[in-house]
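Hydrogens, waters and symmetry mates are skipped; everything else that's a heavy atom, side chains included, is used.
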Amino acid sequence: MTPTDFILATATPADAPCLTQFVNAAYRGESSRQGWTTEANLLDGQRIDEAGLLDMLALPQAAILLCQNAAGELLGSFHVQADAERLHLSMLAVAPAGQRQGVGKFLLRAAEDYGRQHGCTVSKMTVISVRPELIAYYERQGYRPTGATKPFPTDPRFGVPKQPLELLVLQKPLG
């Protein structure tokens, strides 16, 4: 499958149960270990619950972008929120067995397009600081560390850290 075979869609509240399960499988637990983006060695518990996902969908100027194949199978998802000139990106999830096929890049480009369409001039995200391979991936896509950090959320709805964690802020100009 190539990126030209991917179909972009937008999640609705009706997608929340399936999407919650998809995101949790991509980030945590044994199924996530099939891919290179697992957080299972850093955090226990879930990545998101259904209520949290619905809250994300309800944010102003927000969407969860979906990457599907022609059969409608979910391959990946990405939360985007336009806030004045800033596009906030979070929760990029790609099916672990389907990683390294261009799904993440497809969704990242779609997210940046979403930001441009909403008048954003910069794209921002946070990444767990002890994920050098993930930080390097985003740097290859043009994102740079800002030097700012944020504490990892202490709400167990987002997982229970196995070690102290902090988030690095990355950004990229949207031209």
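At least one side-chain heavy atom of Phe158 sits under 4.5 Å from a side-chain heavy atom of Ile48. At least one side-chain heavy atom of Leu89 sits less than 4.5 Å from a side-chain heavy atom of Ser123. Proximity of Leu8 to Leu65: side-chain heavy atoms (C-beta onward) are separated by under 4.5 Å at one or more points.
Rounding to the nearest 0.5 Å gives a distance of 8.5 Å between CG of Leu170 and OH of Tyr138. Rounding to the nearest 0.5 angstrom, the gap separating the SG atom in Cys67 from the CG atom in Leu108 is 12.5 Å. Here the straight-line distance linking atom CG of Leu53 with atom OG of Ser77 works out to 8.0 Å at 0.5 Å rounding. Here Leu74 contributes atom CG and Ile7 contributes atom CD1; the two are 12.0 Å apart, rounded to the nearest 0.5 Å. We find the CZ-CD1 distance between Phe78 and Ile64 to be 11.5 Å, quoted to the nearest 0.5 Å. Phe22 contributes atom CZ, which lies 7.0 Å from atom CG of Leu75 (distance to the nearest 0.5 angstrom).
Judged as a salt bridge (Lys or Arg N to Asp or Glu O under 4.0 Å), not a single pair has a partner in residues 60-70 (not counting sequence neighbours). Contacts classified as side-chain hydrogen bond (donor to acceptor under 3.5 Å, both in side chains) and involving residues 106-122 (residues at least two apart or in different chains) are given here: Gln61-His118, Arg109-Gln141, Glu112-Tyr143, Glu112-Lys172, Asp113-Arg116. Sequence neighbours left out, the pairs with a member in residues 24-33 that pass salt bridge (Lys or Arg N to Asp or Glu O under 4.0 Å) are Arg28-Glu39, Glu30-Arg33.
Heavy-atom minimum distance, Val127 versus Ile135: CG1-CG1, 3.8 Å. In plain terms, the two heavy atoms of Leu107 and Ala93 that are nearest each other are CD1-O, 4.5 Å. When every heavy atom of Leu168 is checked against every heavy atom of Ser129, the shortest pair comes out as CG-CB, 3.7 Å. Minimum interatomic distance between Gln81 and Pro60 (heavy atoms only, all atoms of both residues): NE2-O, 3.1 Å. Heavy-atom minimum distance, Thr10 versus Ala63: CG2-CB, 3.9 Å. The two residues Ala84 and Cys120 have their closest heavy-atom pair at O-SG, 3.7 Å.
The salt bridge (charged side-chain N to carboxylate O under 4.0 Å, His left out) check on Asp44 picks up Lys162, with sequence neighbours excluded. Qualifying side chain to side chain contact (heavy atoms under 4.5 Å, CB included) partners for Arg86, counting only residues two or more places apart in sequence or in other chains: His88, Val122, Lys124.
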_Candidate pair Tyr137 and Lys105, rule side-chain contact (heavy atoms from CB on, under 4.5 Å), full reasoning_ = CA-CA 10 Å; Tyr137 168 81; Lys105 285 181 187 176; 3.4 Å; yes
Exercise for review: I would like to know whether Glu139 and Arg144 meet side-chain contact (heavy atoms from CB on, under 4.5 Å); could you show each step before the answer?
Suggested key: CA-CA 6 Å; Glu139 286 179 329; Arg144 299 291 176 252; 3.5 Å; yes
Exercise for review: Decide side-chain contact (heavy atoms from CB on, under 4.5 Å) for Asp15 and Leu57; before the verdict, give the C-alpha distance in whole Å, the side-chain angles of both, and the deciding distance to 0.1 Å.
Suggested key: CA-CA 10 Å; Asp15 297 316; Leu57 280 172; over 6 Å; no
request  = Applying side-chain contact (heavy atoms from CB on, under 4.5 Å), run through Met56 and Ser90 and close with a yes or a no.
outcome  = CA-CA 10 Å; Met56 292 173 83; Ser90 63; 3.6 Å; yes
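Leu66 and Val103 sit in two unconnected hydrophobic clusters of ILVMFWY residues. Membership requires side-chain heavy atoms under 4.5 Å apart, directly or through other members. Grouping the Ile, Leu, Val, Met, Phe, Trp and Tyr side chains by contacts below 4.5 angstrom, directly or via other members, places Met125 with Leu174.
Hydrophobic cluster membership of Val130, counting Ile, Leu, Val, Met, Phe, Trp and Tyr whose side-chain heavy atoms lie under 4.5 Å apart directly or via other members: Leu42, Leu43, Ile128, Phe152, Leu165, Leu167.
A donor-acceptor pair under 3.5 Å is absent between the side-chain atoms of Asn24 and the main chain of Gln21, judged by distance alone. Asp49 contributes a side-chain N or O that, together with a main-chain N or O of Gly52, makes up a donor-acceptor pair within less than 3.5 Å.
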